[in-house]
Amino acid sequence: MQDPIKRTAGEAARHYDRIREESVSGLARRVDIRRHLEAVYGFDAPISVESVLDDVARMLGRGTVHATHPAYFGLFNPAVLRSAIAASTLVAAYNPQAATYSHGTAAIEIEQHVLGFLAASIGIDREKLSAHFTSGGQEANTEAVVLALARRFPEVHERGLRALPGELVFYVSSEAHHSFDKAAQITGLGRQSARRVETDAELRMDPAALVDAIAEDRAHGHLPFLVVGTVGATSSGAIDPLEAIADIATRERLWFHADAAFGGAASLSARLRPFLAGIERADSITWDAHKWLQMPLGCGMLFSRHPETALAAFGSESPYMPRPREGSPDPFLVSHQWSRRASGIPLFVALGELGQPGFEAMIDRMTDLGDALRQRLVRAGYRIVNRTPLPVVAFTHPRIERGELTPGDVARTIHRRGRAWIAPTELSDGSRVLRACIGNFRTEPQDLDLLLEELEFAIAQ
Ligand SMILES: *Cc1c(COP(=O)(O)O)cnc(C)c1O
């Protein structure tokens, strides 16, 4: 009997090499998977680990939308670098407790080394940095709301929102990610406190509308405390005017958070970095390495320029843990999670392997493919409806505009055939469109051919 770790490593490598043979959309039906689980896995007797592992691989193969497939043009879900898969296995094997420095010394040093490097790339001074890995952008955005509250209204820490004389409100663009609705709810603010500010013709937050919204809220006695600039909106790829938002935040004494879950990676590219100007003025930044940096899921990041606020917001005393103190290196004292997987180690390994130039080349190549896709769509009679330097292409077709079929119809036909994958979406101006994103470093020009063929077929239905 072969060691299951060695055997699985071989299987994982084979899957990586043969991803093109999979149907992108994972065609297994939910009921079939559930029936199989119920029939085989009553857990009343042991089964050989080989057969369980093989069975899991088979189920995952057939019942997953394969974001790692080069013809996946879907949401911000990445392929995964080979080195990161290897590193993930190491993390599972050592299982370092990355909550406390005393247990996870090496893991935490490795993570902080990577975070310091990435913070420098977005222009945050390492001396004033508090950064940690998160489960993803949702968690990082929720933490940003907590930090903003802790900074502006420290009394909330003990007494909650009832300590305040008015209703708290914060601002996001109408294209912003809906994680802020959840963040508003989880923090007890309530979803209404997330104000959606109008966007301009390019779907970026309109600074004048932001100023008006703040004035109106203040006139009603509400308490604005935070504004969020999105760097690469999910549907449109729009980048909000970060400098203008930073100016308004300074003037109005608001915490400025940049949600760069996808777009943060642009800071590693000399070509794209100028589009992020102003991000270095943010009080906190969300950046998901499990988006454009090709990491396994569970690799989000939060950066902040206020270590003392992070400690005030998340510090906690317990008899068996280190006490909070200034400059504390213990992640559980400056973030939401307690026990924590060292999810940053795969990013360290990949950066070590490729260096900054390797990541820059990868990002530039995906950006070029996005430009090529735009050109090819236009030549084939589609209309591009968004403008962004990022490879997020929102588009429509005359047949869709005439109401002869919907973006959902087109996407469903493509999903059914399983050769490529794109998403239908709705922009904040109400238009329903198709959206193709190049977020996968393994995508090749031949995959653009495939997508155009599939679109042509689906549009003709
Ligand atoms: C993906 C995304 C999020 C949510 O991040 P998760 O990692 O899915 O939790 C938030 N904001 C933006 C702009 C995103 O693209």
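These numbers come from a predicted model, not from an experiment. Order of listing sets the numbers, starting from 1, for every ligand and every atom in it. Positions are given from 1 along the sequence.
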Discussion item. Any carboxylate oxygen within less than 4.0 angstrom of a Lys/Arg side-chain nitrogen, looking at R195 and D217?
Written reply: yes
Item to complete: Report all protein residues having a heavy-atom distance below 4.0 Å to some atom of ligand 1; order the list by chain, then number.
Response: F76, G136, G137, Q138, N141, H177, S179, G232, T234, D259, A261, D288, H290, K291
Fill in: Cationic tip of R442 above Y16 ring, under 6.0 Å, 45° of axis
yes
Worksheet item: So, D447 and R419, do they make that salt bridge, N to O below 4.0 Å?
Response: no
Discussion item. Please determine whether a side-chain nitrogen of the Lys or Arg among E252 and R218 lies less than 4.0 Å from a carboxylate oxygen of the Asp or Glu.
Written reply: yes
Item to complete: Could you pull out all residues at least two apart from F262 that satisfy ring-ring contact (aromatic ring centres under 6.0 Å, His included)?
Response: F76, W292
Worksheet item: Salt bridge check: are E111 and R340 linked by an N-O gap of less than 4.0 Å?
Response: yes
